[in-house]
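Notes follow the structure.
Along the sequence shown, residues are numbered consecutively beginning with 1. When a ligand or atom number is given, it counts from 1 through the structure's own listing order.
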Amino acid sequence: MKNTVATFKQMKQTGEKITMLTAYDYSTAKLMDEAGINAILVGDSLGMVMMGYEDTIPVTMEDMIHHTACVARGAKNALVVGDMPFMSYHENAAQAVHNAGRLIKEGHAQAVKLEGGATVKDQIKAITTAQIPVVAHIGMTPQSVNAFGGFKVQGKGLDQAKQIVEDAYIVQEAGAFAVTLECVPEALATYITEHLDIPTIGIGAGAGCDGQVLVYQDALAIYSDFKPKFVKQFAQVGELMRQGVADYINETKAGTFPAKEHTFKIDDEVMAKLEER
Ligand code: KIV
């Protein structure tokens, strides 16, 4: 059955955990969908894990639309959430609605995600007023890497913790149907989860959240540039790929690939006629 914003609401009420992973292409999305994932986030993390940038700052709307459309074609039942890249919603609410609309119309997402709390309240209000469901994202927001001075846990001190709690209430009030809590202390994320009506989706925020999200290249050990503390590697897919590629190289060089079963036949008669030419 198709997962929708209503499914998220129901899961918050029943206490069933929400599962979300990132994906950026058709085949991966299809595989995750078949495995039964509730939601697929086409994250702007694609800037790092797909495009090799150092952070998410250079990612464009065109990048996001392209990858979101690929994922949407593979996701039959998972809710597809398209991430709004840096500077695609920061100017004003009109810009935010325009670009959120593109992710829905051209990328075929069913919801959008954007980073920030109080600072993007008007944007969340405007997007949800346009009937586009919004996932908010607070705590450590990667698009603020330059403002934070690096990828750092947020909310350890009282002032920051208070601000994050306030942000959570603000994004809920503005109309977000879920909120991502990234890299905040477990107790703070649990406190927020217990006080909000909308589900929290944690990444580096502990098991008290209503759901979890991970970048799939982290979860499957494909991305090797660095491994955040909060990542669990559920399978060594990177190692499997490396081994598969090495086997392909070795067999091709040895002439054992392709074998007979990988080839197509032609009638001897046709070959004989060719020889006559
Ligand atoms: O871009 C992304 O993948 C994200 C997740 C880390 C939540 O925002």
Side-chain angles (χ1 to χ4, degrees), residues 8 18-25 28-29 32 37-61 63-68 70-71 75 78-90 99-100 103 107 109 111-117 120 124 134-145 148 150-155 164 167-168 171 176-184 189 192-193 198-206 209-220 222-223 225-233:
F8 271 48
I18 297 165
T19 57
M20 182 188 267
L21 280 170
T22 67
Y24 317 94
D25 69 277
T28 309
M32 288 178 183
I37 200 87
N38 292 124
I40 297 177
L41 169 67
V42 189
D44 63 351
S45 50
L46 71 84
M48 298 161 87
V49 295
M50 299 292 289
M51 302 173 92
Y53 296 135
E54 269 183 22
D55 52 42
T56 59
I57 304 295
V59 176
T60 66
M61 272 304 296
D63 295 332
M64 291 312 307
I65 289 168
H66 173 82
H67 286 276
T68 304
C70 296
V71 166
L79 178 83
V80 176
V81 181
D83 221 354
M84 300 195 66
F86 183 58
M87 290 315 292
S88 69
Y89 55 95
H90 298 76
N99 284 323
L103 280 172
V112 301
K113 179 171 82 57
L114 54 88
E115 297 183 7
V120 293
I124 295 175
V134 171
V135 179
H137 184 163
I138 60 175
M140 204 289 285
T141 45
Q143 291 171 13
S144 308
V145 59
F148 289 150
F151 297 109
K152 295 178 182 156
V153 177
Q154 300 293 306
I164 293 171
D167 281 341
V171 298
F177 76 94
V179 57
T180 303
L181 302 178
E182 179 160 358
C183 280
V184 297
I192 293 170
T193 303
I198 58 172
T200 58
I201 314 290
I203 172 162
C209 295
D210 295 306
Q212 298 293 324
V213 58
L214 281 176
V215 170
Y216 94 86
Q217 286 91 338
D218 287 339
L220 302 183
I222 297 170
Y223 183 71
D225 287 6
F226 73 100
K227 178 185 169 293
K229 174 177 163 40
F230 58 78
V231 165
K232 175 173 175 182
Q233 296 180 331

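Counting only distance, with no hydrogens or angles, the side chain of Gln212 and the backbone of Gly206 share a donor-acceptor pair below 3.5 Å. In terms of modelled atom types and a separation under 3.5 Å, the side chain of Tyr216 and the main chain of Ala29 share no donor-acceptor contact.
Here Phe86 pairs with Ile57, His90, Gln143 under the side chain to side chain contact (heavy atoms under 4.5 Å, CB included) rule; sequence neighbours left out. In terms of the side chain to side chain contact (heavy atoms under 4.5 Å, CB included) criterion, residue partners of Ala39 (sequence neighbours excluded) are, by chain and number, Phe8, Met20, Leu79. For Asp210, the salt bridge (Lys or Arg N to Asp or Glu O under 4.0 Å) partners at least two apart in sequence or on another chain are Lys12.
The shortest heavy-atom contact between Ala23 and Ile40 is CB-CG2, 3.5 Å.
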Contacts table for ligand 1: protein N or O within a distance under 3.5 Å of ligand N or O, distances only.
residue  : atom  : partner : partner atom : Å
ligand 1 : 1 (O) : Asp44   : N            : 3.1
ligand 1 : 1 (O) : Asp44   : OD1          : 3.0
ligand 1 : 1 (O) : Ser45   : N            : 3.0
ligand 1 : 1 (O) : Ser45   : OG           : 3.3
ligand 1 : 1 (O) : Asp83   : OD2          : 3.1
ligand 1 : 3 (O) : Ser45   : OG           : 2.5
ligand 1 : 8 (O) : Lys113  : NZ           : 2.9

